[in-house]
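Here is the structure we will look at, set down as structure tokens.
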There are 2 protein chains.
Amino acid sequence: MQDVAREAGVSASTVSRALSGNGYAAEDVRKRVHAVAARIGYIPDANARSLRNRSSHSVGVLISDLRNPFYADLAAGVEQRLRSAGYHMILVNDDGHAGEEMLAVQTFAAMRVAGVIVTPVSVEAVKSLHQHGVHVVQADRRISARHGDAVLGDNEAGAELVTRHLLQLGHRRIALLIDETKWTSGAGRLAGYRAAHAAAGAPVDEDLIAFTSFDAAAAGATAGRLLDARPDVTALFAANNVLAQGAFAEFQRRGLRLPDQLSIAAYDDVPWMSLVRPAITTVSQHTFDLGRRCADVLLARLSGEYAEDGPPRLVRVEPALFVRGSTGQAPPVGERANDRKAR
Amino acid sequence: MQDVAREAGVSASTVSRALSGNGYAAEDVRKRVHAVAARIGYIPDANARSLRNRSSHSVGVLISDLRNPFYADLAAGVEQRLRSAGYHMILVNDDGHAGEEMLAVQTFAAMRVAGVIVTPVSVEAVKSLHQHGVHVVQADRRISARHGDAVLGDNEAGAELVTRHLLQLGHRRIALLIDETKWTSGAGRLAGYRAAHAAAGAPVDEDLIAFTSFDAAAAGATAGRLLDARPDVTALFAANNVLAQGAFAEFQRRGLRLPDQLSIAAYDDVPWMSLVRPAITTVSQHTFDLGRRCADVLLARLSGEYAEDGPPRLVRVEPALFVRGSTGQAPPVGERANDRKAR
DNA sequence: TTCCGGTGTGGCATCGTTGCCACGTTGAGG
DNA sequence: CCTCAACGTGGCAACGATGCCACACCGGAA
């Protein structure tokens, strides 16, 4: 900056004003300064700026697993919006591990980020950010209603959509393959599954709610065991794309004819679901858009459009059901078990 | 920091030494300072540190499209390594657009990042970073041999592997669906395709090299037109996962029986390729690992393990061919065209 | 002529950290 | 008893950018 000032024959203050546009600067001086800056390749130091202004243009984004297309899409949506608003994204994977999440929180706090968008794992992380005065947006699931805004899919509505669809096809023994129900995402999906049953006057068979771990292989094994134990099951609803992948691979391995022998539906629409045959009926969360909305909510706080200290906002992104070939009419009673065993 | 100093009854200098471990600090003082810092939740300001130390722990990562699993895997690999080395990742999508890439370069320069890992679009961006004294690692493709290190897959070897595989199955009219050959990635794949033909003494029919744009829908259309124009084609090699997706969807739409009527192979192994039936024969680039290697190469420069001003390094990640169901014996001459038209 | 508001500019303190320097203090060795 | 090295500590000047303040100049109004 001193170099630019010297070359342009002005003071550092004037260079600052000329380049930033804050304060007076004569037209010719402004031009000269810009020219010199461009010539010698001067780029203002963002760290010095952040230090002086006590705010940075960095936003922390904390997700579980970038290799899962759900999180990748979410991050991509966030990044697109942030970038167009002049912010950039510090992306950290926490692998769903609270310890890593807490480390990332420390990092973000140290960087004095403008805000953090997080698919939260533990309340402590969100609380800690809040205490450090960092704006937080909880994405996809909400772990604390008091600390920071949230942008969520309507998991209950989505799960109800897909469950109702299955019920309408005549299915009465619908298995639910799910990994967790302690977060709002899993809890909502379970609630929607129940609500659809209740609305249809169909009892929920608790044995058909199969808990598994967040891992395609484990999900496949769990789904397989469930089918073995309960040959009367006619449909399976996998609560997210990873579980669906595991289940689908397992059914393929077993040579099941979908949807004749078994209907399968999923939550989360990811590209492979339209490529496989039959294509998978699923609930789209509009994940990319969800990400953009997260960024919007954060940017609204930063710009003061919403009071910095206003009450927490909750934005819902409505899900949509995409019916594809993997769900079909339930087979007439009595034929199902034999059908599957015959193969 | 002043607060901590006051509470602990020492000076700011001592707090700095006690917390950072650089320089002397008595054991009891060190403990007291740590205790106070933890109690009042003091986290050193990373911006002030970067300013003072003239270096940050941020690494810029510049990719084309986070929603493409190839780039997502790459970024995930990079992030994992960076994180374990105490760095973090500023992730920017440039959508394959040189303008956006240049903007990101400006941002990274302003942030005084420790280094940049980029899947480059234009030489200018890489040059510009180099001129600003930023360490650059070119990932997946190399656009400048002079500016910065590179970590690349061996595209020629990979393409040769898959083409040879098709030739060995008796295919002689193998279409190549490719989007660009101006980057080392595309050029290498084309070269490998030619090399395999040459090694087998099979002539390359230049009309079977179909150029398309980087877009699944366009790739599908191009592949369709090619098949219509050349019913004698018995195999198609798609030069990346997006093109393969477009082509596969198109063939599925046409109801082609794979691999009987047409064999299809791809470059890049992404999850859907194992889920569809037939599963797709493809070349794995070990993308996640590629990302880790990129980070390794950068970290080696930063740690001084490789001289800061040493010559550019080039690291190759060997690809591997995964043969799956989508490639089969070429049908006997004379049957192919009729087969396809019959449907 | 004096006063005043609008322009335009430079000086300076400041943001939070760090590392050099100078200054104790201590204990061992000559 | 003096010297000297090894510790430990505080003061201070940076790192680069910014914005307040003071000041200087100008034209117009009183």
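Within every chain, numbering begins at 1; the chains are lettered A, B, ... in the order of the sequence lines, protein sequences first and strands thereafter. Note: hydrogens, waters and symmetry copies are ignored here, and every other heavy atom, side chains too, is used.
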query: Looking only at N and O atoms, is any donor in the side chain of A:Arg52 or the base of C:dT14 less than 3.5 Å from an acceptor on the other one?
result: yes
query: Is there a residue in residues 10-17 of chain B whose heavy atoms reach under 4.0 Å of DNA chain D, and which residues are they?
result: B:Val10, B:Ser11, B:Ser13, B:Thr14, B:Arg17
query: So what does B:Asn47 touch, heavy atoms closer than 4.0 Å: a base, only the sugar-phosphate, or nothing?
result: nothing
task: Give a yes or no on whether the backbone of B:Gly99 and the side-chain of B:His97 come within a donor-acceptor separation of less than 3.5 Å.
output: yes
Nucleotide C:dG8, atom C1' - distance to CG of A:Asp28 in whole Å: 10 Å
- prompt: Just wondering, more than 12 heavy atoms not from A:Tyr306 lying within 6.0 Å of its OH?
  reply: no
- prompt: Between A:Gln285 (side chain) and A:Gly153 (backbone), is there a donor-acceptor pair under 3.5 Å?
  reply: no
For atom CG of B:Asn22 and atom C1' of C:dC21, their distance in whole Å: 17 Å
field: Any side-chain heavy-atom pair of A:Met1 and A:Pro44 under 4.5 Å
entry: no
message: Measure CZ/B:Arg49 against P/C:dC15 and give the value in whole Å, please.
response: 19 Å
message: Please report the distance, rounded to the nearest Å, between CG in B:Leu51 and C1' in C:dC15.
response: 9 Å
task: Grab the OH-P distance between B:Tyr24 and C:dT26 for me, whole Å please.
output: 17 Å
- prompt: Tell me: CE of B:Met1 to C1' of C:dC15, nearest whole Å?
  reply: 14 Å
task: Please round to the nearest 0.5 Å and tell me the distance separating atom CG of B:Asp45 and atom OG of A:Ser56.
output: 9.5 Å
- prompt: Reading DNA chain D 5' to 3', which nucleotide is the first, and which the last, to come under 4.0 Å of any heavy atom in chain B?
  reply: D:dC7 to D:dG16
Exercise: do A:Ser11 and A:Thr14 side chains pair donor with acceptor under 3.5 Å: yes
field: Rounded interatomic separation in angstrom, taking CG from B:Asp3 and C1' from C:dG16
entry: 12 Å
query: Of the options B:Gln138, B:Arg142, B:Arg301, which is the one that meets B:Asp149 in a side-chain hydrogen bond (donor to acceptor under 3.5 Å, both in side chains)?
result: B:Arg301
message: What I want to find out is whether B:Asp3 reaches B:Arg6 closely enough, with some N-O distance under 4.0 Å, to be called a salt bridge.
response: yes
field: First of A:Asn53 and B:Ala26 reached from the 5' end of DNA chain D, by closest nucleotide
entry: B:Ala26
query: Among pairs that include at least one residue of residues 9-54 of chain A, which meet ring-ring contact (aromatic ring centres under 6.0 Å, His included), considering only residues two or more places apart or in two chains?
result: none
task: Find the distance A:Asp45:CG to C:dC15:P and express it as a whole number of Å.
output: 18 Å
